[in-house]
Every structure is written in structure tokens, then in C-alpha cells.
Engineer: 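Pasting in a structure now, in C-alpha cells, and then I'll have a few things to ask.
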Amino acid sequence: QLATTPSKMPHQTLLLQDFAADIPADYQQICKMMYYLWMLHSVTLLLNLLACLAWFTVDSASGVNFGLSILWLILFTPCAFVCWYRPIYKAFRADSSFNFFVFFFIFFCQIGIYIIQAVGIPGWGDSGWIAALSMIKANLGVSIIMMVVAGFFTLLSVLSLILLKKVHSLYRRTGASFQ
């Protein structure tokens, strides 16, 4: 017999998502795509941390990038979930203009952050294109790892713009209420 949680114990799941029960059928696919985008966001931040670690092993002056990449992973993974994924999930579930507004505002800022991360300004904790190309002469292997991460940030930027356009076109058709 399997051990179960006692029925007297008060608990709730943190991430209860039932697309079939909560989201109307017309919006389930886009809502799942936003969830997959959040997962890609999380994986990219983890890869960024590893690329910055590789960068730090080659160039000890880039310790700031490694430290900031740890901060970005710890900070931006849950914040992205709470600040733009949950609002869009709730917006499609409740057909709420307020949640759509929150999503559009924060997600637009997130796209700007993705673009900055893809550019890869040294000292900002991102292994984007500028940082990766500056490492070619120092260490080609680390530069290639950083280019892969820069490609992921670029992919996130493009996919986010496409999904923002799709969500906006769906929002225009929903007739959502401001509640």
C-alpha cells in the first residue's frame, strides 16, 4: 500500500495547472506555448550560468559575469513565472483584461531584457553575442559555448515577439472584461 498525505494536513499545490479544465479549448495551445517558453527561459538561464562559469575559468576578471548569472537564474526564473506566465494563464482562464494588461506590460519588458541578454554586454552577467565574439581569440571552446547561449537568447527574443503578437491578436478577439 502506498503512503498518502493525511487528509487532515492542510496543503495546496503550488503549480496547479490543468489546461483542459481551466483554459478554454481555443486558447489552450497558446497557453501551453507560453509555458514552454517559460521552460526555455529557465533552461537558457541555466546554460548562461554554465557559459559564464566556463568564461570565468578562462578569464578570472569575468567573475562578475558569473556572479550575476547566478543571480539572474535565481531571480528571473521564479519572477518570470509569477510576473508574466501566471498573468497570461489567469487572463485566459478568467477572460480578464487586467491580467492581459499585466502580462503585456511585463512581457514587453521581458522582451527588452532578452534583447539585452542576446547582445551580451560584458559585465552584465550574460554570455551574449558581444561577449562571445570577444572570447574567440582567448579561447575558442568557451566562445562557442557562449555563442550557443547567445543563440538561445536570440531565439527567446524572436519566439517572445511571435507569441506576444499571437496573444495580442487573441486578446483582441476575446472581448475580455476589466476585472
Engineer: Might you point out which heavy atoms bring Thr77 and Ser42 nearest each other, and give the distance in Å?
Structural biologist: CG2-OG, 3.3 Å
Engineer: Working to the nearest 0.5 angstrom, can you tell me the gap between Leu53 CG and Leu49 CG?
Structural biologist: 7.0 Å
Engineer: With sequence neighbours left out, write down each residue that passes ring pair (Phe, Tyr, Trp, His ring centres under 6.0 Å) with Phe107, or none if nothing qualifies.
Structural biologist: Trp84, Phe103
Engineer: If we ignore hydrogens and angles and just use 3.5 Å, is the side chain of Trp38 paired with the main-chain N or O of Pro78 as donor and acceptor?
Structural biologist: no
Engineer: Would you mind listing every side chain to side chain donor-acceptor pair (under 3.5 Å) that reaches into residues 132-142, with sequence neighbours excluded?
Structural biologist: none
Engineer: Which label fits Phe81 and Tyr85: parallel for a plane angle under 30°, tilted from 30 to 60°, or perpendicular past 60°?
Structural biologist: tilted
Engineer: In this structure, would Ile136 and Ile130 fall into the same cluster of hydrophobic residues linked by side-chain contacts under 4.5 Å?
Structural biologist: no
Engineer: What do you reckon, is CD of Gln28 surrounded by more than 12 foreign heavy atoms closer than 6.0 Å?
Structural biologist: yes
Engineer: Is Val167 reachable from Leu159 through a run of hydrophobic residues whose side-chain heavy atoms are each under 4.5 Å from the next?
Structural biologist: yes
Engineer: For the atom pair OH (Tyr36) and CG (Leu163), what is the distance rounded to the nearest 0.5 Å?
Structural biologist: 12.5 Å
Engineer: Side-chain donor-acceptor pairs under 3.5 Å in residues 143-156, sequence neighbours left out?
Structural biologist:
from	atom 1	to	atom 2	distance (Å)
Ser143	OG	Ala132	O	2.7
Thr154	OG1	Trp129	NE1	2.8
Thr154	OG1	Ala150	O	2.8

Engineer: Once rounded to the nearest 0.5 Å, what's the spacing between atom CD1 of Ile116 and atom OG of Ser157?
Structural biologist: 10.0 Å
Engineer: Identify every side-chain donor-acceptor pair in residues 121-128 under 3.5 Å, counting partners at least two apart or on other chains, and give the distances.
Structural biologist:
from	atom 1	to	atom 2	distance (Å)
Asp126	OD1	Gln117	NE2	3.4
Ser127	OG	Asn48	OD1	2.9

Engineer: Can you see which heavy atom on Phe56 is nearest to which on Ser62, and at what distance?
Structural biologist: CA-OG, 3.4 Å
Engineer: For the residue pair His41 and Tyr114, is the inter-centroid distance of their aromatic rings smaller than 6.0 Å?
Structural biologist: yes
Engineer: According to a hydrophobic-cluster definition based on side-chain heavy atoms being under 4.5 Å apart (Ile, Leu, Val, Met, Phe, Trp, Tyr only), do Leu133 and Met135 belong together?
Structural biologist: no
Engineer: Using 0.5 Å steps for rounding, measure from the CG atom of Asn65 to the CG atom of Asp59.
Structural biologist: 8.5 Å
Engineer: According to ring pair (Phe, Tyr, Trp, His ring centres under 6.0 Å), who are the partners of Phe104, at least two apart in sequence or on a separate chain?
Structural biologist: His168, Tyr171
Engineer: So which residues get pulled into Val158's cluster when ILVMFWY side chains under 4.5 Å apart are joined, directly or through others?
Structural biologist: Ile162
